[in-house]
Amino acid sequence: MADPLATLARLRRLEVAQARKQLAERNAALAAAEARHDAACAAPGQEAAAAHPADYAAWLPLGLAARERAARAAQHSAGLAQMARDALALQRTAERQVELLREQQAALVALKLRRKQQALLDEFGSRR
C-alpha cells in the first residue's frame, strides 16, 4: 500500500508548481497591462505634438477614456497578481505542513524502533 502522506506530499508539490505557474502568468499579464497603461499615458502628449489642434480636440476624449481603461485594467491585473501570490503562499504552507507531518511520522517510527530495540536489550539482559 502506498504511503498516504507521500501521495499527499506529491499532490502538494504539484499544487505549488501550478500556483507558481499561475503567478508567472499573472505577473506577465500585469507587466503587459502596465505597459499598455504607460503607452496610454504617453499618447496625449504624442498626439498633441503630431496632430492639428482640431484633430487633437476630437481625439482627446477618446485618448483619456483609453487611458482610464488601461489604468483599470492594470489595477485589475495587479489584484489578480496579488491573489496569485496569496494562493502560492497558501500552497507553500500546505506543502510545508505535509512535510512536517512526514517528519513527525518518521520520528515516531524511529522512536518506536528504538523502544523495541531497548525492550529486546532489557529482555536479553534480564535472561542473563
Side-chain angles (χ1 to χ4, degrees):
M1 182 170 111
D3 178 18
L5 285 180
T7 303
L8 185 58
R10 183 172 184 265
L11 175 64
R12 293 294 183 224
R13 280 192 302 275
L14 292 172
E15 288 173 340
V16 166
Q18 180 62 31
R20 281 188 177 132
K21 179 182 174 193
Q22 187 164 22
L23 177 58
E25 291 169 357
R26 297 290 188 208
N27 282 336
L30 175 59
E34 287 174 341
R36 286 190 299 274
H37 180 252
D38 291 345
C41 286
Q46 294 170 349
E47 190 69 24
H52 187 273
D55 293 338
Y56 180 71
W59 175 88
L60 186 59
L62 299 175
L64 294 177
R67 184 174 67 185
E68 284 301 313
R69 281 192 307 274
R72 283 193 305 272
Q75 187 177 19
H76 180 70
S77 289
L80 291 176
Q82 182 60 49
M83 287 173 49
R85 279 189 292 280
D86 294 344
L88 177 57
L90 285 174
Q91 293 300 335
R92 284 180 175 167
T93 300
E95 180 184 41
R96 181 65 185 137
Q97 290 301 314
V98 172
E99 289 173 6
L100 289 173
L101 263 171
R102 291 184 78 193
E103 290 170 6
Q104 288 173 354
Q105 186 181 45
L108 184 60
V109 167
L111 178 64
K112 286 180 181 179
L113 179 62
R114 283 194 307 272
R115 284 183 179 167
K116 186 176 180 180
Q117 289 172 342
Q118 186 62 48
L120 288 172
L121 287 174
D122 290 346
E123 182 183 335
F124 180 72
S126 66
R127 287 186 183 177
R128 290 183 93 187

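Gln117 pairs by the side chain to side chain donor-acceptor pair (under 3.5 Å) definition with nothing, not counting sequence neighbours. For Glu99, the salt bridge (Lys or Arg N to Asp or Glu O under 4.0 Å) partners at least two apart in sequence or on another chain are Arg96. In this view, Arg85 and Gln82 satisfy the side chain to side chain donor-acceptor pair (under 3.5 Å) rule, not counting sequence neighbours. Partners of Arg26 by side chain to side chain donor-acceptor pair (under 3.5 Å), not counting sequence neighbours: none found. For Glu95, there are no salt bridge (Lys or Arg N to Asp or Glu O under 4.0 Å) partners at least two apart in sequence or on another chain. Listed by chain and number, the residues in a side chain to side chain donor-acceptor pair (under 3.5 Å) with Arg114 amount to none (sequence neighbours excluded).
When all heavy atoms of Arg20 and Leu88 are compared, the pair lying nearest together is CG-CD1, 3.7 Å. Contact between Ala81 and Asn27 at its shortest, heavy atoms only, is CB-OD1, 3.8 Å. A pairwise comparison of heavy atoms in Ser77 and Ala33 identifies OG-CB, 3.7 Å as the closest pair. Of all non-hydrogen atoms in Ala70 and His37, the two that sit nearest each other are CB-CA, 3.6 Å. Nearest heavy atom pair, residue Arg102 against residue Ala9, reads NH1-CB, 3.8 Å. Of all heavy-atom pairs between Asp3 and Gln105, the closest is OD1-OE1, 4.1 Å.
In terms of hydrophobic clustering, with Ile, Leu, Val, Met, Phe, Trp and Tyr side chains grouped at heavy-atom distances under 4.5 Å, Leu23 and Leu30 are assigned to different clusters. Val16 and Leu90 are assigned to two separate hydrophobic clusters, defined by single-linkage of ILVMFWY side chains at heavy-atom distances under 4.5 Å. No chain of hydrophobic side-chain contacts below 4.5 Å, direct or via other Ile, Leu, Val, Met, Phe, Trp or Tyr residues, connects Leu62 to Leu64.
For the atom pair CG of Leu108 and CG of Leu101, the computed distance is 11.5 Å after rounding to the nearest 0.5 Å. With values rounded to the nearest 0.5 angstrom, Arg67 atom CZ is found 8.5 Å from Leu60 atom CG. Atom CD in Gln97 sits 11.0 Å away from atom CG in Leu8 (nearest 0.5 Å). A distance of 9.0 Å separates CG of Leu80 from CD of Gln22, quoted to the nearest 0.5 Å.
Residues Gln18 and Leu14 fail the side-chain proximity criterion, which asks for heavy atoms closer than 4.5 Å. The closest side-chain heavy-atom distance from Val109 to Lys112 is not below 4.5 Å.
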